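First up is the structure itself, then whatever we jot down about it.
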Amino acid sequence: MPAPAPVSPVPALSPAASPLHFGLLDGLRGVAALAVVLFHFMELVETKPANNFIAHAYLAVDFFFCLSGFVIAYAYDARLAQLGVGRFLRRRLIRLHPLVVVGALLGLLTFWLDPFSHLVDQYATRLPLLLLSSCLLVPYPVVTERYANLFHLNPPTWSLFWEYIANVAYALVLVRLPARLLKILLVPAAIALCYEARRTGWLGGGWGREDAIAGFLRVTFSFLMGLLLYRANWLIRSRLGFGALALLLLGALLLPFIDRINWRVDSLVVLFYFPLLIALGAGGQLTPRYAKLCRFLGDISYPLYIVHYPFIWVFFSYLHKYQPPLSTLALVIPTAMLALVLLAYAVLKWIDIPVRSYLTRTFDQPTTLVSNRQAPAPVAPAAHP
């Protein structure tokens, strides 16, 4: 697959490199997560994509998948053999799954206590299965009144379902594939992705009963591309800082939705533009001016992605019941987004970090001491998102 070539030679990355090297990518992940939340509000307000000013933010998931492949390769390519498949997968579960359960519980509470809807009455007998489905990431698309999401209580976890599958594939097979084989695999993956975009008109599927195959196609290409970016050292040195890269990312998510060409736009963004942005972000340098902001955005990105949608369902019910004017929504949506950011930060500090620390101490202690000459293995961030 064609890919961005470095403007100047870039030294191969070592897993012991400074975490600040990827601070730009942390910041971009946070920007993408915020865009996803806004998109989920706006797609309910304006059901015609052509009239939605942030109509392409669904592509942020493909950005997350690509970033995930890059970060996983960076953190584990050189160490998985020593670490072992079981411990790698245990680490990924500890990193990702506590918030999957938190999101499922929030989904149950908001579904049950939604003041604007009584839909829960129709599914009272299925609530245990809905909760179990969301906690274990076993698809259960039964709530047809709300688009038959694979995981109704917290729909965005459809992407975590595919993230887990990609992680298993990485540990069992992909970790051993050299860059030249990844390039070969990317050819049919890209063709399949373009076919899906042409068939449906977009690359926004994967979350529902009727389009679940799109999730497989999206994660396959983007995760493989992320692996290749790292292994082929396709990084680009530039003077672009966080502000410029954030604008470049937002530029893709804010592209107008034009029906007749949208499948081409989506394909080009996912196949070329997002890998280019990740190459720029990984090869760039984060200035101290934006270090704290990028760290904050990276920290809240995954909690925000996981906890926001149960409240989107409440917003959905509110819209249907009251049909508020745009002037009201112009206040409700920014206020709700701020509240969700604060909630995500609270969940991070009071639930996610303590729970992960406990699980790590209990289930992920090394059996042998690490040599003083050997750098400790970095713990990969959520990356998705």
Side-chain angles (χ1 to χ4, degrees), residues 22-40 54 56-75 92 95-97 99-100 103 137 150-151 154-170 174 189 193 202-207 214-230 245-246 248-253 266-267 269-282 294 297-309 344 348 352 380-385:
F22 298 116
L24 289 171
L25 295 180
D26 288 339
L28 294 182
R29 189 171 70 245
V31 170
L34 287 167
V36 168
V37 176
L38 181 57
F39 168 76
H40 284 150
I54 195 166
H56 277 95
Y58 56 82
L59 293 178
V61 173
D62 302 271
F63 180 80
F64 297 146
F65 284 145
C66 191
L67 180 57
S68 178
F70 179 86
V71 170
I72 290 293
Y74 159 74
R92 300 309 292 154
R95 180 63 186 93
L96 299 173
H97 213 75
L99 288 190
V100 171
L137 293 186
L150 296 180
F151 308 101
N154 199 11
T157 49
W158 73 266
S159 60
L160 270 297
F161 171 81
W162 291 111
E163 174 77 13
Y164 278 170
I165 290 177
N167 283 191
V168 172
Y170 169 82
L174 299 177
L193 195 71
W202 71 332
L203 285 176
W207 45 266
F216 171 74
L217 300 178
R218 293 171 74 181
V219 74
T220 298
F221 174 83
S222 291
F223 191 84
L224 290 175
M225 177 55 80
L227 295 177
L228 182 61
L229 286 173
Y230 174 76
L245 289 175
L248 288 173
L249 175 58
L250 287 173
L253 307 182
D266 282 9
S267 299
V269 168
V270 174
L271 267 60
F272 301 105
Y273 190 72
F274 284 161
L276 173 63
L277 283 182
I278 291 174
L280 286 167
C294 286
L297 290 172
D299 286 345
I300 69 161
S301 61
Y302 182 52
L304 180 62
Y305 184 79
I306 286 293
V307 305
H308 80 278
Y309 211 95
L348 172 72
D352 189 36
H384 180 85

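No experiment lies behind these values; they were computed from the predicted model shown. Side chains included, hydrogens not; waters and symmetry mates left out as well; all remaining heavy atoms used.
In this structure the side chain of Phe22 never reaches within 4.5 angstrom of the side chain of Val71, judged on heavy atoms. Within the 4.5 Å cutoff, no side-chain heavy atoms of Pro155 are placed close to those of Leu150. Contact check for Phe64 versus Val36: side-chain heavy atoms found under the 4.5 Å cut-off. Between Phe274 and Leu249 there is a side-chain heavy-atom pair separated by less than 4.5 Å. Contact annotation: the side chain of Leu248 approaches that of Tyr273 to within less than 4.5 Å [non-hydrogen atoms, C-beta and beyond]. For the pair Ser267/Val269, no side-chain contact is recorded, criterion being any heavy-atom separation below 4.5 Å from C-beta on. Within the 4.5 Å cutoff, side-chain heavy atoms of Phe221 are placed close to those of Val270.
A perpendicular orientation is assigned to the rings of Phe223 and Tyr170, their planes being inclined by more than 60° (bins at 30° and 60°).
Summarising the geometry of Ala35 relative to Ala57, their closest heavy-atom pair is O-CB, 3.7 Å, with the distance given to 0.1 Å. Across all their heavy atoms, Phe65 and Trp162 have their closest contact at CZ-CB, 4.3 Å. Leu229 and Pro275 get closest at one heavy-atom pair: CD1-O, 3.8 Å. Closest non-hydrogen pair, Cys66 versus Met225, comes out as SG-CG, 3.9 Å. When all heavy atoms of Val100 and Ile306 are compared, the closest pair comes out as N-CG2, 4.4 Å. Shown here for Cys294 and Asp26, the closest heavy-atom pair between the two residues is O-CB, 3.7 Å.
The CG atom of Leu203 sits 5.0 Å away from the CG atom of Asp266 when rounded to the nearest 0.5 Å. Distance check: Asn167 CG to Arg92 CZ gives 5.0 Å after rounding to the nearest 0.5 Å. Expressed to the nearest 0.5 Å, how far CG of Leu280 lies from CG of Leu25 amounts to 10.0 Å. Atom OH of Tyr230 and atom CD1 of Ile278 lie 15.0 Å apart (nearest 0.5 Å). Phe161 contributes atom CZ, which lies 10.5 Å from atom OG1 of Thr157 (distance to the nearest 0.5 angstrom). Between Ile300 atom CD1 and Arg29 atom CZ the span is 10.5 Å, to the nearest 0.5 Å.
If you check the side chains of Tyr305 and Ser159, you find a donor sitting under 3.5 Å from an acceptor.
Asp352 pairs by the side chain to side chain donor-acceptor pair (under 3.5 Å) definition with Arg356, not counting sequence neighbours.
The ring-ring contact (aromatic ring centres under 6.0 Å, His included) test with Tyr58 singles out one residue from Trp207, Trp158, Trp202, and that residue is Trp202.
Residue pairs meeting the salt bridge (charged side-chain N to carboxylate O under 4.0 Å, His left out) criterion with at least one member in residues 57-75, sequence neighbours excluded: Asp62-Arg218.
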Quick one: do Phe70 and Leu228 satisfy side-chain contact (heavy atoms from CB on, under 4.5 Å)? Show the steps, please. CA-CA 8 Å; Phe70 179 86; Leu228 182 61; over 6 Å; no
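Side-chain atoms of Ser301 come within 3.5 Å of backbone N or O of Gly298 as a donor-acceptor pair.
Side-chain rings of Phe39 and His56 stay apart, their centers remaining 6.0 Å or farther from each other.
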